[in-house]
Student: 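Okay, here's the structure, questions in a sec.
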Amino acid sequence: MQLTDLFNLSLLGRALTKAVTFDQADGTTASLTFGELDARSNRLARLLTARGVTRGDRLGFFLPNRIEFVDLFLACVKAGVIVVPINVLYREREIGHIVADAEPRAVVTTKGLAPFVPAGAQVWDIDELTEAAATQSDAAFRLPLEGDDLAAIVYTSGTTGRAKGAMLTHNNFITNATNIVACWRISEADRYLAALPLFHVHGLGNGLHAWLMSGCQMRLVERFDIQRAPAWFAAFQTTLLFGVPTIYVRLLELSDEQARLIGKQMRLFVCGSAPLPAHVLEAFESKFGHRILERYGMSETLMNLSNPYEGERRAGSVGFAMPGVAVRILNAQGQPVNEGEIGELYVRGPNVCAGYWRRPDATAEAFKAEADGVWFRTGDLGERAADGYITLRGRGTDLIISGGFNIYPREIEEVLLDQPGIREAVVVGVSDERRGELPVAYVVVDESFDEVKTTEACRQQFASFKVPRAFVRVESLPRTALGKIQKHLLPPWQTRS
Ligand code: MLC
């Protein structure tokens with residue numbers, strides 16, 4: 001099976017049904033049916049083929065949420081072209097690495113974002129592409145693809161500092177969409193507010209795919225905005241939202257009356273990509289009258305675990321394994337831990353990616369062969385209660401999550417060490433009520449260090465969420481006898497006043 005077969009449930013099966021509403025450049029909204037989406041993507045698939053982009057080629061998507069992202073994504077899925085999504089907040093250095101590694105035929109982007117794409121990469125403008133596709137035939141376009149063909153290469157930062165591409169197959173996405181549509185009871189009666197970025201698997205593999213499979217209606221917005229959110233909920237009569245904790249923290253800012261009205265029409269709020277503090281879940285329930293359903297996934301595995309739709313949605317827990325997914329919690333010696341003991345989570349199943357693109361070393365490190373199959377090492381720590389609920393208990397790696405975006409300290413540290421005056425640097429996540437964590441740098445510096453210039457250098461090289469919010473000067477970094485930095489011994493950072 002290929003993804004198009006799954007999407008055809010709606011693209012063909014519900015051709016005349018309204019599929020999506022989106023904003024246009026002039027500020028008005030427009031809508032398309034599933035049949036219209038099908039036709040638009042058929043034209044684009046033909047255009048890609050005419051330009052020599054074929055099965056197995058990669059295409060970079062450096063695009064904000066807009067309807068043309070959806071068109072092009074569908075076209076690639078149909079043509080067997082591997083989608084390489086790029087975070088729109090990324091800058092030249094980060095994009096350059098992805099382009100060098102994935103070798104896409106082109107990076108498709110907007111006029112506004114094009115200047116950030118490093119020289120040398122082929123750049124295609126999304127509006128020109130859409131215009132050029134208009135002359136192509138919109139008749140059905142279908143290739144005989146396999147379920148194991150790659151549908152996307154999703155870059156996820158690595159502990160080595162440079163992002164690696166998780167190879168996600170058609171089957172990975174099919175399993176994921178089927179699971180969440182079934183487990184979270186998504187149907188054509190739903191109205192899904194798509195506010196998460198489509199360049200991450202949360203917005204793409206969960207949001208977009210569940211919409212296409214279930215045939216519900218989608219309101220696509222460029223990004224979550226607390227000022228506009230009440231109007232989106234009301235005008236669209238939203239019933240379904242996928243969010244990261246920062247979105248739920250921000251929704252708590254709404255008035256009780258706004259919250260009551262939203263809660264009345266909603267069916268389900270889902271949260272993931274970062275831990276949801278129990279007090280936010282409780283506060284949200286008293287204000288909106290809904291208990292958020294928390295689940296756990298990764299770019300490499302899509303959805304692993306979820307609280308049940310019916311039954312207890314336990315605060316702080318991420319519930320049980322999704323259908324077909326096996327979970328094992330092992331101690332440092334590789335032995336299963338007992339109930340209530342903390343270990344590292346390993347998963348196995350049709351949701352797990354096919355490895356890292358051109359990185360056999362990283363793939364070998366992340367996958368562990370056992371007598372009963374190959375297990376993926378998540379790097380996340382967790383424990384299982386006697387009744388089966390699994391709770392995450394931190395991470396084995398240094399990952400910082402800010403607003404649902406991943407930050408690997410090593411990547412920032414490498415750049416800081418290249419800046420004038422910085423002799424040593426370490427980046428840690430400090431807790432932040434709204435964004436979960438914020439990156440802060442501890443530095444050992446000499447007189448040539450200039451905080452403003454260093455911040456500016458970071459701004460040029462990194463997505464804004466990775467730029468350290470503060471530089472804490474220390475005499476030396478606490479180290480073990482072997483020279484390893486002991487982050488837990490760093491002096492506490494005073495949060496913003
Ligand atoms: C955030 N910003 C964006 C943006 N999201 N800019 C453009 N497009 C977007 N989609 C920038 C803002 O410009 C600003 O930059 C900064 O982020 C903070 O913005 P804010 O207005 O203060 O927003 P805030 O209320 O804090 O909310 C941020 C947010 C955003 C929740 C909307 O963080 C977000 O969309 N997060 C979702 C991340 C996600 O989808 N993760 C899934 C990973 S997949 P500046 O320069 O002013 O700082 C995964 C697997 C899984 O992890 O499924 O579990």
Side-chain angles (χ1 to χ4, degrees), residues 61-66 69 85-91 110 112-113 116 152 154-157 163 166 168 172-173 176-177 179-180 193-210 220-229 232 241-254 270-276 280 293-306 318 322 347 351-353 378-380 392 395 399-408 432-439 455-456 458-460 462-469 496:
F61 278 49
F62 186 43
L63 291 169
N65 284 6
R66 42 186 283 186
F69 185 121
I86 303 171
N87 188 324
V88 293
L89 295 166
Y90 280 1
R91 293 298 169 252
T110 60
L113 289 172
F116 297 114
V154 175
Y155 278 80
T156 154
S157 302
L168 291 163
N172 291 151
F173 283 118
N176 189 62
N179 274 349
I180 68 173
L193 177 59
L196 285 172
L198 296 176
F199 52 74
H200 271 317
V201 300
H202 196 163
L204 186 73
N206 286 11
L208 209 72
H209 292 192
L220 180 67
V221 298
E222 183 169 336
R223 53 167 304 211
F224 180 79
D225 178 347
I226 189 61
Q227 311 298 335
R228 300 180 66 193
W232 290 331
L241 181 77
F242 294 163
V244 295
T246 302
I247 289 180
Y248 291 106
V249 171
R250 301 234 57 175
L251 284 172
L252 285 175
E253 292 168 19
L254 299 181
V270 181
C271 186
S273 304
L276 179 68
V280 175
L293 188 153
E294 191 176 1
R295 88 319 179 265
Y296 161 62
M298 295 177 76
S299 297
E300 290 94 332
T301 63
L302 307 174
M303 290 310 98
N304 290 320
L305 299 159
S306 171
V318 286
M322 297 296 263
V347 295
N351 58 315
V352 178
C353 73
T378 64
D380 289 309
L392 297 180
R395 288 177 294 265
L399 177 69
I400 299 169
I401 309 181
S402 190
F405 291 122
N406 288 357
I407 305 170
Y408 276 86
D432 178 76
E433 184 57 35
R434 186 195 287 177
R435 300 189 63 82
E437 290 178 291
L438 289 174
T455 302
E456 189 43 41
C458 288
R459 286 215 168 275
Q460 275 174 18
F462 294 124
S464 57
F465 59 87
K466 295 186 192 171
V467 177
R469 290 305 190 274
R496 289 169 292 185

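Model, not experiment: these values are computed from the prediction. Counting convention: from 1, in listed order, for ligands and their atoms alike. Heavy atoms only: backbone and side chains are in, while hydrogens, waters and symmetry mates are out.
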Student: Only counting residues at least two apart or in another chain, list the ones meeting side chain to side chain donor-acceptor pair (under 3.5 Å) with Asn206.
Tutor: Asn176

Student: With respect to Arg223, determine whether any N or O atom, backbone or side chain, lies less than 3.5 Å from an N or O atom of ligand 1.
Tutor: yes

Student: Any idea which atoms of ligand 1 are less than 4.0 Å away from a heavy-atom of Met303?
Tutor: 53 (O)

Student: For ligand 1, which atoms have a heavy atom of Leu196 less than 4.0 angstrom away?
Tutor: 37 (C), 40 (O)

Student: Does only the side chain of Glu300 get under 4.0 Å from ligand 1, or the backbone, or both, or neither? Count heavy atoms.
Tutor: neither

Student: Is the contact between Val88 and ligand 1 made by the side chain, the backbone, both, or neither, using heavy atoms and a 4.0 Å cut-off?
Tutor: side chain

Student: Short check: is a protein heavy atom less than 4.0 Å from atom 12 (C) of ligand 1?
Tutor: yes

Student: Report the member of Met298, Arg295, His202 with the shortest heavy-atom distance to atom 54 (O) of ligand 1.
Tutor: Arg295

Student: To the nearest 0.5 angstrom, please state how far the CZ atom of Phe69 sits from the OG1 atom of Thr110.
Tutor: 12.5 Å

Student: Does ligand 1 have any atom sitting under 4.0 Å from a heavy atom of Phe465?
Tutor: no

Student: When you measure from the side chain of Asn172 to the backbone N and O of Val352, does any donor-acceptor pair fall under 3.5 Å?
Tutor: yes

Student: Tell me whether the rings of Phe405 and His200 are parallel (<30°), tilted (30 to 60°) or perpendicular (>60°).
Tutor: tilted

Student: Around atom 22 (O) of ligand 1, find the nearest protein heavy atom and jot down its residue, atom name and distance.
Tutor: Arg434 NH1, 3.9 Å

Student: Identify the protein heavy atom lying closest to atom 26 (O) of ligand 1, giving its residue, its atom name and the separation to 0.1 Å.
Tutor: Arg435 NH1, 2.4 Å

Student: Taking Cys271's backbone N and O only, do any of them form a donor-acceptor pair with Glu294's side chain (distance below 3.5 Å, no angle check)?
Tutor: no

Student: Are any of the N/O atoms on Arg250, whether in the backbone or the side chain, positioned under 3.5 angstrom from an N/O atom of ligand 1?
Tutor: yes

Student: Would you mind finding which of Gly436, Ala463, Ser273, Ser402 brings a heavy atom closest to atom 51 (C) of ligand 1?
Tutor: Ser273

Student: Below 4.0 Å from any atom of ligand 1, is there a heavy atom belonging to Pro197?
Tutor: yes

Student: Looking at ligand 1, does any of its N/O atoms fall within less than 3.5 Å of an N/O of Gly403?
Tutor: yes

Student: On a heavy-atom basis, I'd like to know which of Gly404, Ser464, Ala274, Gly205 is closest to atom 45 (P) of ligand 1.
Tutor: Ser464

Student: Are Leu302 and Asn179 close enough that some pair of their side-chain heavy atoms sits under 4.5 Å apart?
Tutor: no

Student: In plain terms, say whether Arg459 and Glu456 are close enough for a salt bridge, that is, a side-chain N and a carboxylate O under 4.0 Å apart.
Tutor: no

Student: Considering all heavy atoms of both residues, which atom of Ile180 and which atom of Met303 are nearest to each other, and what is their separation?
Tutor: CG2-CG, 3.8 Å

Student: Taking atom 47 (O) of ligand 1 as the reference point, report whether a protein heavy atom occurs under 4.0 Å from it.
Tutor: no

Student: Between Thr246 (side chain only) and Arg434 (backbone N and O only), is there a donor and an acceptor less than 3.5 Å apart?
Tutor: yes

Student: Hey, looking at atom 31 (C) of ligand 1, which of Ile247, Val249, Asn304 has the closest heavy atom?
Tutor: Ile247

Student: Output all residues satisfying side chain to side chain donor-acceptor pair (under 3.5 Å) with Ser299, sequence neighbours left out; order by chain, then residue number.
Tutor: none

Student: For atom 6 (N) of ligand 1, what is the nearest protein heavy atom, given as residue, atom name and distance?
Tutor: Leu89 CD2, 3.4 Å

Student: Return the residue, atom name and 0.1 Å-rounded distance of the protein heavy atom closest to atom 43 (C) of ligand 1.
Tutor: His200 CG, 3.5 Å

Student: Which heavy atom in Val244 sits nearest to a heavy atom in Gly404, and how many Å separate them?
Tutor: CG1-CA, 4.2 Å

Student: Can you measure from CD (Glu433) to CG (Leu438) and round to the nearest 0.5 angstrom?
Tutor: 11.5 Å

Student: Counting only heavy atoms, which portion of Asn406 has something under 4.0 Å from ligand 1: side chain, backbone, both, or neither?
Tutor: neither

